[in-house]
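Below: one structure, written as C-alpha coordinates.
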Amino acid sequence: MKVLLIILILFPNIVFAGPVKMIGEKGKASETTRTITIKMYDNYYEPAQIQIKKGETIKFIVFNAGELVHEFNIATKEMHIKHQPEMMMMVENEILLSNRIDKEKMKKMAKKNPSMSHSHSNSVLLSPGEKGELVWKFNNKVKLEAACNVPGHYEVGMIAKINEI
Ligand SMILES: [Cu+2]
(Lines give C-alpha, C1' and ligand atoms only; values in the text may rest on other atoms or scores of the structure.)
Protein backbone atom coordinates (compact mmCIF):
# COMPACT_ATOMS: atom_id res chain seq x y z
CA MET A 1 0.00 0.00 0.00
CA LYS A 2 2.73 2.42 1.05
CA VAL A 3 4.78 1.47 -2.00
CA LEU A 4 1.87 2.15 -4.32
CA LEU A 5 1.34 5.53 -2.73
CA ILE A 6 5.00 6.44 -3.23
CA ILE A 7 4.85 5.32 -6.85
CA LEU A 8 1.74 7.46 -7.40
CA ILE A 9 3.42 10.51 -5.88
CA LEU A 10 6.71 10.12 -7.70
CA PHE A 11 5.51 8.84 -11.06
CA PRO A 12 1.89 9.84 -11.63
CA ASN A 13 2.42 9.73 -15.39
CA ILE A 14 3.31 6.05 -15.42
CA VAL A 15 0.07 5.19 -13.74
CA PHE A 16 -2.19 7.54 -15.65
CA ALA A 17 -0.57 7.47 -19.08
CA GLY A 18 -0.56 3.68 -19.11
CA PRO A 19 -4.22 2.95 -19.89
CA VAL A 20 -4.35 5.66 -22.55
CA LYS A 21 -1.48 4.08 -24.51
CA MET A 22 -3.20 0.72 -24.14
CA ILE A 23 -6.11 1.95 -26.25
CA GLY A 24 -3.87 3.38 -28.98
CA GLU A 25 -3.06 7.05 -29.47
CA LYS A 26 -4.11 10.25 -31.15
CA GLY A 27 -3.25 9.74 -34.82
CA LYS A 28 -1.59 12.16 -37.20
CA ALA A 29 -3.94 13.36 -39.93
CA SER A 30 -1.12 12.84 -42.47
CA GLU A 31 -0.96 9.13 -41.57
CA THR A 32 -4.65 8.45 -42.05
CA THR A 33 -5.20 5.16 -43.89
CA ARG A 34 -8.99 5.24 -43.89
CA THR A 35 -11.92 7.55 -43.15
CA ILE A 36 -15.08 6.34 -41.46
CA THR A 37 -18.19 8.50 -41.17
CA ILE A 38 -20.21 8.03 -38.00
CA LYS A 39 -23.72 9.38 -37.52
CA MET A 40 -25.02 9.83 -33.99
CA TYR A 41 -28.75 9.57 -33.36
CA ASP A 42 -30.88 9.47 -30.14
CA ASN A 43 -29.40 7.15 -28.78
CA TYR A 44 -27.39 5.02 -31.18
CA TYR A 45 -24.61 5.12 -33.75
CA GLU A 46 -24.64 4.35 -37.42
CA PRO A 47 -22.76 2.13 -38.10
CA ALA A 48 -23.00 0.23 -34.81
CA GLN A 49 -19.99 -1.94 -35.70
CA ILE A 50 -16.54 -0.66 -36.65
CA GLN A 51 -13.94 -2.97 -38.20
CA ILE A 52 -10.29 -2.08 -37.69
CA LYS A 53 -6.92 -3.59 -38.45
CA LYS A 54 -3.93 -3.46 -36.14
CA GLY A 55 -1.80 -0.35 -36.63
CA GLU A 56 -4.42 1.48 -38.69
CA THR A 57 -4.85 5.23 -38.35
CA ILE A 58 -8.48 6.08 -38.93
CA LYS A 59 -10.05 9.48 -39.35
CA PHE A 60 -13.55 9.46 -37.92
CA ILE A 61 -15.87 12.13 -39.22
CA VAL A 62 -18.60 12.32 -36.62
CA PHE A 63 -21.92 14.02 -37.22
CA ASN A 64 -24.59 14.52 -34.59
CA ALA A 65 -27.86 13.91 -36.46
CA GLY A 66 -29.88 13.61 -33.24
CA GLU A 67 -31.71 16.15 -31.11
CA LEU A 68 -29.58 15.54 -28.04
CA VAL A 69 -25.92 16.13 -27.19
CA HIS A 70 -23.81 13.04 -27.91
CA GLU A 71 -20.27 11.88 -27.50
CA PHE A 72 -18.08 9.59 -29.63
CA ASN A 73 -15.47 8.26 -27.26
CA ILE A 74 -13.00 5.44 -28.03
CA ALA A 75 -12.03 3.53 -24.89
CA THR A 76 -12.37 0.30 -22.98
CA LYS A 77 -15.60 -0.51 -21.17
CA GLU A 78 -13.85 0.19 -17.83
CA MET A 79 -12.71 3.62 -19.02
CA HIS A 80 -16.22 4.52 -20.17
CA ILE A 81 -17.64 3.61 -16.79
CA LYS A 82 -14.97 5.71 -15.05
CA HIS A 83 -15.66 8.63 -17.37
CA GLN A 84 -19.39 8.71 -16.62
CA PRO A 85 -19.25 10.53 -13.24
CA GLU A 86 -17.20 13.27 -14.97
CA MET A 87 -20.00 13.70 -17.52
CA MET A 88 -22.57 13.71 -14.71
CA MET A 89 -20.61 16.54 -13.08
CA MET A 90 -20.88 18.48 -16.34
CA VAL A 91 -24.65 18.03 -16.25
CA GLU A 92 -24.82 19.07 -12.59
CA ASN A 93 -22.83 22.22 -13.40
CA GLU A 94 -25.17 22.93 -16.33
CA ILE A 95 -22.32 22.77 -18.83
CA LEU A 96 -23.89 19.82 -20.51
CA LEU A 97 -27.54 20.46 -21.28
CA SER A 98 -29.67 17.85 -23.00
CA ASN A 99 -29.54 19.61 -26.38
CA ARG A 100 -26.64 22.03 -26.03
CA ILE A 101 -23.12 22.40 -24.63
CA ASP A 102 -22.51 25.65 -22.75
CA LYS A 103 -18.99 26.25 -24.07
CA GLU A 104 -18.54 29.56 -22.23
CA LYS A 105 -19.32 27.92 -18.92
CA MET A 106 -17.09 25.00 -19.86
CA LYS A 107 -14.14 27.36 -20.34
CA LYS A 108 -14.76 29.06 -16.98
CA MET A 109 -15.12 25.76 -15.14
CA ALA A 110 -12.03 24.33 -16.83
CA LYS A 111 -9.92 27.01 -15.14
CA LYS A 112 -11.01 25.70 -11.75
CA ASN A 113 -11.16 22.03 -12.66
CA PRO A 114 -9.25 20.82 -15.74
CA SER A 115 -11.37 17.67 -16.04
CA MET A 116 -14.28 19.94 -16.97
CA SER A 117 -12.56 21.13 -20.15
CA HIS A 118 -13.51 17.83 -21.68
CA SER A 119 -10.74 17.91 -24.23
CA HIS A 120 -9.71 14.27 -24.36
CA SER A 121 -7.91 13.21 -27.52
CA ASN A 122 -9.99 10.03 -27.68
CA SER A 123 -13.38 11.73 -27.75
CA VAL A 124 -15.58 14.33 -29.40
CA LEU A 125 -18.62 15.83 -27.74
CA LEU A 126 -21.13 17.39 -30.13
CA SER A 127 -24.32 19.43 -29.96
CA PRO A 128 -27.17 18.55 -32.35
CA GLY A 129 -26.19 19.40 -35.94
CA GLU A 130 -22.49 19.69 -35.09
CA LYS A 131 -19.73 17.84 -36.90
CA GLY A 132 -16.38 16.80 -35.46
CA GLU A 133 -13.28 14.82 -36.31
CA LEU A 134 -11.10 12.40 -34.43
CA VAL A 135 -7.97 10.72 -35.80
CA TRP A 136 -7.06 7.57 -33.91
CA LYS A 137 -4.18 5.15 -34.25
CA PHE A 138 -5.16 1.67 -33.10
CA ASN A 139 -2.70 -0.75 -31.53
CA ASN A 140 -5.25 -3.44 -30.61
CA LYS A 141 -3.85 -4.27 -27.21
CA VAL A 142 -7.24 -4.17 -25.54
CA LYS A 143 -10.89 -4.59 -26.52
CA LEU A 144 -12.36 -1.22 -27.40
CA GLU A 145 -15.77 0.25 -27.91
CA ALA A 146 -16.91 3.67 -29.09
CA ALA A 147 -19.56 4.95 -26.73
CA CYS A 148 -21.51 7.97 -25.54
CA ASN A 149 -21.14 8.84 -21.86
CA VAL A 150 -23.80 11.54 -21.73
CA PRO A 151 -25.74 10.40 -18.62
CA GLY A 152 -28.20 7.64 -19.50
CA HIS A 153 -26.98 7.01 -23.05
CA TYR A 154 -24.43 4.27 -22.36
CA GLU A 155 -27.02 2.46 -20.26
CA VAL A 156 -29.48 2.32 -23.16
CA GLY A 157 -26.78 0.96 -25.45
CA MET A 158 -25.26 3.94 -27.24
CA ILE A 159 -22.20 1.82 -28.03
CA ALA A 160 -20.48 0.95 -31.32
CA LYS A 161 -18.45 -2.24 -31.11
CA ILE A 162 -14.88 -2.00 -32.43
CA ASN A 163 -13.82 -5.32 -33.90
CA GLU A 164 -10.36 -6.30 -35.05
CA ILE A 165 -10.31 -7.98 -38.45
CU1 LIG B 1 -25.49 10.07 -26.50
Side-chain angles (χ1 to χ4, degrees), residues 16 19-27 29 32 34-52 56-110 112-165:
F16 298 114
V20 175
K21 277 280 176 192
M22 286 280 288
I23 64 168
E25 59 191 292
K26 186 178 161 70
T32 300
R34 211 150 51 93
T35 300
I36 297 177
T37 302
I38 304 282
K39 280 193 179 159
M40 305 198 287
Y41 295 94
D42 312 321
N43 293 319
Y44 60 95
Y45 295 104
E46 229 180 68
Q49 302 272 342
I50 300 163
Q51 319 291 348
I52 54 129
E56 253 192 318
T57 298
I58 299 180
K59 183 200 266 184
F60 292 96
I61 297 174
V62 186
F63 181 65
N64 186 353
E67 286 174 4
L68 303 170
V69 171
H70 293 295
E71 182 193 36
F72 179 80
N73 183 324
I74 298 172
T76 61
K77 190 180 192 70
E78 293 71 25
M79 286 170 72
H80 286 307
I81 303 221
K82 264 193 203 155
H83 180 50
Q84 283 161 13
E86 204 177 279
M87 296 289 271
M88 187 54 102
M89 219 151 90
M90 289 174 72
V91 171
E92 281 162 4
N93 285 290
E94 294 172 328
I95 293 171
L96 190 60
L97 307 164
S98 70
N99 62 350
R100 187 168 74 80
I101 303 157
D102 191 332
K103 288 183 180 159
E104 279 304 305
K105 211 174 214 175
M106 191 192 267
K107 267 187 221 156
K108 274 185 216 156
M109 286 292 298
K112 285 187 252 170
N113 181 350
S115 75
M116 291 289 105
S117 70
H118 207 85
S119 61
H120 305 287
S121 61
N122 60 325
S123 86
V124 279
L125 181 65
L126 302 173
S127 294
E130 261 190 327
K131 195 170 135 184
E133 271 186 25
L134 192 159
V135 181
W136 197 252
K137 185 174 183 186
F138 291 90
N139 63 20
N140 304 28
K141 285 197 178 119
V142 285
K143 184 105 190 87
L144 298 173
E145 53 188 32
C148 175
N149 292 304
V150 170
H153 296 198
Y154 189 89
E155 291 86 338
V156 297
M158 191 160 181
I159 301 164
K161 294 266 176 248
I162 299 178
N163 306 309
E164 187 185 347
I165 48 162

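Remember, it's 1-based here, ligands and their atoms both numbered in the order they're listed. The structure displayed is predicted, hence computed values, not measured ones.
The Cu ion (ligand 1) forms the vertex of an angle spanning SD of M158 and SG of C148; to the nearest 10 degrees it equals 100°.
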**OP:** Apply side-chain contact (heavy atoms from CB on, under 4.5 Å) to the pair T37 and F63, showing each step before the final yes or no.
**Re:** CA-CA 8 Å; T37 302; F63 181 65; 5.7 Å; no
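Taking the Cu ion (ligand 1) as reference, the nearest N/O/S atom within H70 carries the name ND1. Closest approach between the Cu ion (ligand 1) and any N/O/S atom of H153 involves ND1.
Side chains of E86 and H120: a donor on one and an acceptor on the other come within 3.5 Å.
Across I23, I50, I74, a single residue satisfies side-chain contact (heavy atoms from CB on, under 4.5 Å) together with F138, and that is I74.
In this structure, Y45 has no side-chain hydrogen bond (donor to acceptor under 3.5 Å, both in side chains) partners at least two apart in sequence or on a different chain.
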